[in-house]
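In what follows, residues are counted from 1 in the order of the sequence shown. Every value quoted in this text rests on a predicted model; they were computed, and no experiment measured them. Read the numbers this way: they start at 1 and go in the same order the structure lists the ligands and their atoms.
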Amino acid sequence: MKYPIYMDYNATTPLDKEVLVAMLPYLTEHFGNAASRFHVFGWKAEEAISIARQQVADLLGASEKEIIFTSGATESVNLAIKGVYEALNRKGNHIITVETEHKAVLDTCQHLEKLGAEITLVPVDSEGNIDLVLLENSIRPTTILISVMAANNEIGVTYPLKTIAQIAHRHQVLFHSDATQAVGKLPIDVIADGVDLLSLSAHKFYGPKGVGALYIRKKLSIVAQQDGGKHERGLRSGTLNVAGIVGLGKACEICRQNIPEEIIRIQNLRNLLEKGILEAIPGTKINGAIAQRLPNTTNICFGKIDGEKLLMSINQIAVSNGSACNSASTEPSYVLKALGLDDDSAYGSIRFSLGRMTKGEDIEVAVEHIIKVVSQMKSVSG
Ligand SMILES: *Cc1c(COP(=O)(O)O)cnc(C)c1O
């Protein structure tokens, strides 16, 4: 067995081999610019882009005209929120989101606040759920957008997109979802759910890093946040990352085929991991346990233990204490704090996120290793 065993799929995933194979020709012989209209190099690239656009649309239940390629979810979220704000600023300046959103959403909202936006951060309960009545009551005549993630990256809690979209639309408010953690793990249907804008990132589901997409519902117009050659219908200028986009498309196609089986397989492994740790180590609990969760994610609180030391001592598995996107800070997770955990409990929590390469024996090794590390730490401190 090769150590450490990767259990940090919510931070990023390895590139699927089939995805790499699909991408390679577009890094070599088919190197054309998809915007070159007068020769076969351009046409080849454009043809590949158009197939990928359809593959992304198919995974979301969207039409290919509704897909804009970006450099990843961070850019998609920025384009969605800032683009709506700029388009509707005369109608209103109020945006509603949730305190446990990814920094891509929270920091974008904070930026707009400096430009005159009013932001409401809806709180979550101890399971990470939002109170939908409170959400609806936060809507004002000036509200233009509600942004709620499909699934939380740290605790895996999922949110009822369809109900939230209905609430938003009852008040003529647009609904954006940062679905970066749900795409590729759970079925998504933008039409059935009634989502107006949706962000995703290829590297969270076995595609390459640095490429993503924004779904924008037909007839909805937002303002571009990057100017230039008017690529992507003027919404995102810049020469397309052809190989990356081909990889994104292929990754979508693979997920569309295997989501139903993977949900069951991964959920079984995740449950075994939880059971193994919770039964063996007293005082452990799952953060966000009762809530609807992603099948691959568990965030376990080990009680009042030195979290930093715990993470340093775990060397057979690659895990994290939450968000890799927030790795610059040594603050306890704001997501766990929002659930009501105190600093020590937040520091003493670990996120395990499983994925396509996780096997049953990985779980056995992980459980045994965690039990050993924790009992060693306790015997030293006790
Ligand atoms: C990873 C992630 C992002 C950011 O994706 P990038 O690829 O880094 O742009 C945004 N939101 C959520 C929920 C994520 O998990």
Inset, instruction - Answer with yes or no whether the hydrophobic clustering places Met149 together with Leu112; edges join I, L, V, M, F, W, Y residues whose side-chain heavy atoms lie under 4.5 Å apart. - result: yes
Inset, instruction - For ligand 1, note which part of Ser201 has a heavy atom under 4.0 Å away: side chain, backbone, both or neither. - result: side chain
Inset, instruction - Pick one of side chain, backbone, both or neither for how Lys204 approaches ligand 1, counting any non-hydrogen atom pair under 4.0 Å. - result: side chain
Inset, instruction - Using a 4.0 Å heavy-atom cut-off, say whether Lys209 meets ligand 1 through its side chain, its backbone, both or neither. - result: neither
Legend entry - Reference residue Glu154; test side chain to side chain donor-acceptor pair (under 3.5 Å); the match among Ser333, Ser320, Ser349: Ser333
Inset, instruction - Taking only heavy atoms of Asn153 into account, list the atoms of ligand 1 that are under 4.0 Å away from them. - result: 13 (C), 15 (O)
Legend entry - Gap between atom CZ of Arg351 and atom CG of Leu336 - 0.5 Å precision: 10.5 Å
Inset, instruction - Using salt bridge (Lys or Arg N to Asp or Glu O under 4.0 Å) as the criterion, list what pairs up with Glu127, not counting sequence neighbours. - result: none
Inset, instruction - Return a yes/no value for Met149: is any of its N or O atoms, backbone included, closer than 3.5 angstrom to an N or O of ligand 1? - result: no
Inset, instruction - Say whether His203, considering both its backbone and side-chain N or O atoms, lies within less than 3.5 Å of an N or O atom on ligand 1. - result: yes
Legend entry - Partners meeting salt bridge (Lys or Arg N to Asp or Glu O under 4.0 Å) with Asp306 (sequence neighbours left out): none
Legend entry - Location of contacts on Asp178 toward ligand 1, heavy atoms closer than 4.0 Å: side chain
Legend entry - Sole candidate of Leu248, Ile254, Val246, Leu24 that passes side chain to side chain contact (heavy atoms under 4.5 Å, CB included) when paired with Val19: Ile254
Legend entry - Heavy-atom nearest neighbour of atom 9 (O) of ligand 1 within options Thr180, Asn152, Thr74, Val183: Thr74
